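Below is one structure, written out as C-alpha cells; comments come after it.
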Protein chains: 2
Amino acid sequence: MMKRQYPTLAEVAKVAGVSLMTASRAINNRPGVSPEKREDILRIADEMGYVVNRAAQKLSGARTRIIAVVAELHTPFTSDLVLGMGAVARAADYEMLVYSLPVCDRRPPGSILDLLRQIADGVIVILPYESDYLESVVSAHIPVVTIEQGAISAFPSVTADNYQGGRSALQHLIELGHRRIAFISGNDRLTSARDRRRAYRDVLAQARLPYDPDLEVTGDFSRKSGFEAANKLLALPDRPTAIFAANDISAYGAIAAIREAGLSVPGDISVVGFDDIPIASQLHPQLTTVRQPLQQMARASVNLLLALVAGLDAPSEQIVLPTQLIVRESTVALRGRRRADAATRTAAAPSLR
Amino acid sequence: MMKRQYPTLAEVAKVAGVSLMTASRAINNRPGVSPEKREDILRIADEMGYVVNRAAQKLSGARTRIIAVVAELHTPFTSDLVLGMGAVARAADYEMLVYSLPVCDRRPPGSILDLLRQIADGVIVILPYESDYLESVVSAHIPVVTIEQGAISAFPSVTADNYQGGRSALQHLIELGHRRIAFISGNDRLTSARDRRRAYRDVLAQARLPYDPDLEVTGDFSRKSGFEAANKLLALPDRPTAIFAANDISAYGAIAAIREAGLSVPGDISVVGFDDIPIASQLHPQLTTVRQPLQQMARASVNLLLALVAGLDAPSEQIVLPTQLIVRESTVALRGRRRADAATRTAAAPSLR
DNA sequence: CAGCTGAACGTTAGCGCTAACGTCGGCATG
DNA sequence: CATGCCGACGTTAGCGCTAACGTTCAGCTG
C-alpha cells in the first residue's frame, strides 16, 4: 500500500530533479523550459501517473480546461445537444461537466452557477425558460453562453431560427394545398415556442388565410398534450386538413390521436413537427419536420464559450443558426373531400418553389 | 464595481468579528460555536452572499457534498436514471455533476475519474460495458458505485434483475400459448444483455421447448437492429408467433418490420420488450415489457454511495432490484393456425406458477 | 572586458479552506 | 484552593497549484 495514490507536482519535480515551477511549466506546455528537460519531466510525470489537481489549479486562479453545461436533460433534444457539445469540447482538449437541472423545478439557481464557477472555466446554459436564472447568471463571474434564450439575454447566445423554421413548415403545408391548418403550440414560457407560434400566425396572414382561434390549441411540448390537442381539433365541426405541431413529440401525440379516431396520417391529415429528433426518421410515419441544427449549435456554443474563456471579448454575440425543413411521409398534398377536385387540385397546387 | 464579487470566509469572519475557524464551524454546522454566535455568523454570511469555495474545500481534504455520475447519456434509460439520481442527491443536500461519456468511444478513462475525484466525494458509474474503465476505477481513491455492472465488479453495485426479468417475459409468452418464440438479443458486451439471453434459453429449456438457433437473432439494442432482426425472423419458413426483444427500442424496431410485412402486432406476432421506457405506454401498440426499477435503482445507488462517502464500509455490496413484467397490448394468447388446437392449448399451457 | 540581455531556471507568497492543535476561561471535584 | 476538565474559541500549517518575482549564466556588444 502506497503512502499516497497520486503523486503531486512537487514529487514529480523532485524525481525529475527540477523545481516545482519548472515542472509546472513543462506540464502546462509553457515557455521557459529547455526541450530536453521538458521531455524528461513529461516522461517522468507520465511514469509516476501524475494528474493535475484541478481544484488546486482553479484555486490558484488558473484555467482548468473544464467547461460546464447546465441543462434539463429529459428531452432527446437537450441530451443530443449535450452529447454534441461534449464532443466539441473534447476535440478542443476540454472536459465537460453537466449539471442536470431538476425538471420543472425552481430552486435557488445561483448556487449552481456558483458551484460551477469554482470548477469550470465557462458555462453553457441550455435554459429555454425565461426564468430567474438569468439574473444570477449575470452576477456570475464567469463566461456564460446561453442556448435558446431569446432576445432578452444580455450575454452571448446561440439559437436556432425558430421563426424561420416555423414559417417553412407552414409554407410547406400551404404549398401542398392545405387551407385549414391547425397549430399545436408549445410551452409559451419558451421563446422558441413563441417564435413558432408567431410564424404560424404570420404565414397564415401573409397567405391571406383566415385565422381561426379554434385551430390554435395550447400544448406544452409533451406527447400527451399533442394527443389531447389533436382530439380537440378532431372534434371541430370543420376539422383541419393539416396540423403543425410545435415539436416532434407532440406531433406524434397528435398522430396517435388521429389514428385512434380512425383517420390516417397523412391520408386524412398531414402533420408537421419541429426538431427532427432521431426517431422522427424511424417511426411510422416518418415525420415531416423542421430540423434544428443541433451539431452546429453545439459547435457554435462551445466555440463561442472557449473564445470568451480565452479572453476574446465577443461583445454579447448572438448567433442564430438556420433550420431546415425535412419533408418525409407525414405530409401530402391535400386530397379534397370532393373527389372531383382531385385532378384540378394537383395541378392547382401552389408552386413547390 | 466591487473589488471582489464573492466574499471569502475570512471576510465574513472579520465582519462577524470572529475568527476564520469559528466562521467555518458555524457554516458547516459543526460543534464548538455558541448558538447566538452561530446564528450571527450565518446571517452575516447570507447578507454578504457568501458561498463556499468547493475547490478550496476539496483541496483541504474535506467533503464537498458533490457526487458525480459517469454515463452514456444517449438513451432514455440512462438519462432517466440520471434524472432520478439527481433528485435523490438533492434531497440529501448533495449536488450532482454528470460526466457524459462519449458514445462508443474508448478514451483513456482514468482521466475522467481523476478529474471527478478532485471535485466530488463519490462517483456512480453507469457503464454497462465491461470495459477497461473498471481497472482505472479500482485505483481511484474515491468511493464508487456501479450500475449494471455484472458479477465481476469488485465494488458495490446496483443492478436490475435482468435474468429474472427475462424469465418473466418468456414465461408470459409461454403462458399465452406461444411455442415458437424468437429472441432479438442486445449488445452482448453488456452483462444485462447476456442475462436476458440466458433467461431466454433457460426458460425455453425448462419448458421443454426446442431451441432453434434461427430464432435467436443478434441485435445491439438499436431500433434498426430490431427492425432487421425481425425481417430475418419473418423470412423463416416457419416464423415465430412471438418475439422477445432485449429492449424496448429494438422491440419497436421489430414491430415496425412486422407491420411493413403486412402483419399485425399482436394479431400475428406478440412482442415483448425490456426496460419500460416512457413511450412504451404511449406508442401504439402499448408495449408489454419488463420494467426496470429506475427510481429504485437511482435511490439505491445514491444512498449506497452516500453511505460509502460517510465512511460506512459497505463491503462491496451488490444490490439486485426486482424487475416487473408489465402486460400491455403487444402480447395476446396464441391464435393457433389450426383452430382445432385452440381449446386444448389453453388447457395444456404450462403451470402459471 | 564591463555591461547588458534574455532564456532557463528557482523561490516566495498566496488562492480559500479545514484539521489539528493551541488557549482560555468557567465550573465541578477532592 | 489546587486540580482537572470541557466547551468555546483562536492560531498555525498545510492541501496542490500558479503568478510574480528572483537568480544564474551563456552569449553578445562596443
Side-chain angles (χ1 to χ4, degrees), chain A residues 3-42 45 48-66 114-115 117-121 141-142 311, chain B residues 3-42 45 48-66 114-115 117-121 141-142 311:
Chain A
K3 184 183 153 200
R4 211 198 280 103
Q5 191 78 5
Y6 293 89
T8 97
L9 188 54
E11 288 167 9
V12 172
K14 184 181 264 180
V15 171
V18 296
S19 81
L20 195 58
M21 258 335 272
T22 305
S24 171
R25 277 187 272 257
I27 281 175
N28 293 310
N29 206 26
R30 262 187 255 269
V33 191
S34 69
E36 312 84 53
K37 217 153 220 166
R38 179 185 304 270
E39 201 173 326
D40 242 40
I41 294 167
L42 288 177
M48 296 178 68
Y50 172 78
V51 276
V52 288
N53 185 322
R54 316 245 188 176
Q57 218 172 17
K58 192 72 187 173
L59 189 58
S60 72
R63 301 271 145 76
T64 53
R65 299 195 82 82
I66 299 174
D114 286 337
L115 165 60
R117 176 178 54 84
Q118 297 161 358
I119 295 166
D121 294 341
H141 253 199
I142 184 174
Chain B
K3 183 183 154 201
R4 209 200 281 104
Q5 191 79 4
Y6 294 89
T8 100
L9 187 55
E11 288 168 9
V12 173
K14 184 181 263 179
V15 171
V18 296
S19 82
L20 195 57
M21 260 332 274
T22 305
S24 171
R25 279 188 269 257
I27 282 176
N28 292 311
N29 205 28
R30 259 187 258 269
V33 191
S34 68
E36 314 83 51
K37 217 154 219 167
R38 181 186 302 272
E39 201 175 327
D40 241 41
I41 294 167
L42 287 177
M48 295 177 70
Y50 172 76
V51 274
V52 290
N53 186 324
R54 317 245 189 174
Q57 218 170 16
K58 192 73 189 171
L59 189 58
S60 71
R63 302 271 144 77
T64 53
R65 298 196 82 83
I66 299 174
D114 287 336
L115 165 60
R117 177 179 53 84
Q118 297 161 359
I119 294 167
D121 294 342
H141 252 196
I142 184 174

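Chain naming here is simple, since letters A, B, ... match the order of the sequence lines and numbering starts at 1 in each. Just so we're clear, the structure is a prediction, and the values are computed from it rather than from any experiment.
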> Contacts to DNA chain D from residues 15-30 of chain B, heavy-atom cutoff under 4.0 Å, which residues?
Replying inline: B:V18, B:S19, B:M21, B:T22, B:R25

> Atom CZ of A:R38 to atom C1' of C:dA7: distance rounded to whole Å?
Replying inline: 12 Å

> Does B:T8 put a side-chain nitrogen or oxygen below 4.0 Å from OP1 or OP2 of C:dC17?
Replying inline: yes

> Out of D:dC17, C:dG16, D:dC9, which nucleotide sits closest to the side chain of B:V33?
Replying inline: D:dC9

> Closer than 4.0 Å, any side-chain N/O of B:S34 to the OP1 or OP2 of D:dC9?
Replying inline: yes

>> What is the distance, to the nearest angstrom, from the CG atom on B:L59 to the C1' atom on D:dC15?
In response: 4 Å

>> Between B:P31 and A:Q57, which residue's closest nucleotide on DNA chain D lies nearer the 5′ terminus?
In response: B:P31

>> Please report the distance, rounded to the nearest Å, between CD in B:E11 and C1' in C:dC17.
In response: 13 Å

> Does any pair with a residue in residues 30-42 of chain B pass salt bridge (charged side-chain N to carboxylate O under 4.0 Å, His left out), and if so which ones, sequence neighbours excluded?
Replying inline: B:D40-B:R43

> At under 4.0 Å between heavy atoms, what does B:K37 touch on the DNA or RNA strands: base, sugar-phosphate, or nothing?
Replying inline: sugar-phosphate

Quiz: residues 22-29 of chain A side-chain donor-acceptor pairs under 3.5 angstrom, not counting sequence neighbours:
| from | atom 1 | to | atom 2 | distance (Å) |
| --- | --- | --- | --- | --- |
| A:T22 | OG1 | A:S19 | OG | 3.2 |
| A:S24 | OG | A:N28 | ND2 | 3.4 |
| A:N28 | ND2 | A:S24 | O | 3.1 |

> Can you tell me how far C1' of D:dG16 sits from CD of A:Q118, to the nearest Å?
Replying inline: 17 Å

> Quick one: B:E36 CD to D:dG7 C1', roughly how many Å, whole number?
Replying inline: 13 Å

> Expressed in angstrom and rounded to an integer, what is the separation of A:R63 atom CZ from D:dG16 atom C1'?
Replying inline: 19 Å

> Taking all non-hydrogen atoms of both residues, which atom of B:T8 and which atom of B:Y50 are closest, and how far apart?
Replying inline: C-CE1, 3.7 Å

> Any chance the side chains of A:D114 and B:Y6 put a donor and an acceptor closer than 3.5 Å?
Replying inline: yes

> If you check the A:A62 side chain, which of C:dC15, C:dT18, D:dA19 turns out closest?
Replying inline: D:dA19

> B:V15: what forms a side chain to side chain contact (heavy atoms under 4.5 Å, CB included) with it, not counting sequence neighbours?
Replying inline: B:I44, B:M48

>> If I take atom NZ in residue A:K58 and atom P in nucleotide D:dA19, what distance separates them, rounded to the nearest angstrom?
In response: 12 Å

>> At 10 degrees resolution, what angle do the end axes of the helix from C:dC1-D:dG30 to C:dG30-D:dC1 form when each is taken over five base pairs?
In response: 50°

>> Does D:dC17 have its OP1 or OP2 closer than 4.0 Å to a side-chain nitrogen or oxygen of A:Y6?
In response: no

> What do the steps show when you test A:V52 against A:L9 for side-chain contact (heavy atoms from CB on, under 4.5 Å), and what is the final call?
Replying inline: CA-CA 8 Å; A:V52 288; A:L9 188 54; over 6 Å; no

> Looking at B:A56 and A:L59, what are the two nearest heavy atoms and their distance?
Replying inline: CB-CD1, 3.7 Å

> Can you list the steps and then say if B:I119 with B:T64 is a side-chain contact (heavy atoms from CB on, under 4.5 Å)?
Replying inline: CA-CA 7 Å; B:I119 294 167; B:T64 53; 5.6 Å; no

> What's the CG-C1' distance between A:D114 and C:dG16, to the nearest Å?
Replying inline: 15 Å

> Looking only at heavy atoms, what is the nearest atom pair of B:P7 and B:G49, with distance?
Replying inline: CD-O, 3.9 Å

>> Show every side chain to side chain donor-acceptor pair (under 3.5 Å) that has at least one partner inside residues 54-63 of chain B, sequence neighbours left out.
In response: B:K58-B:D121

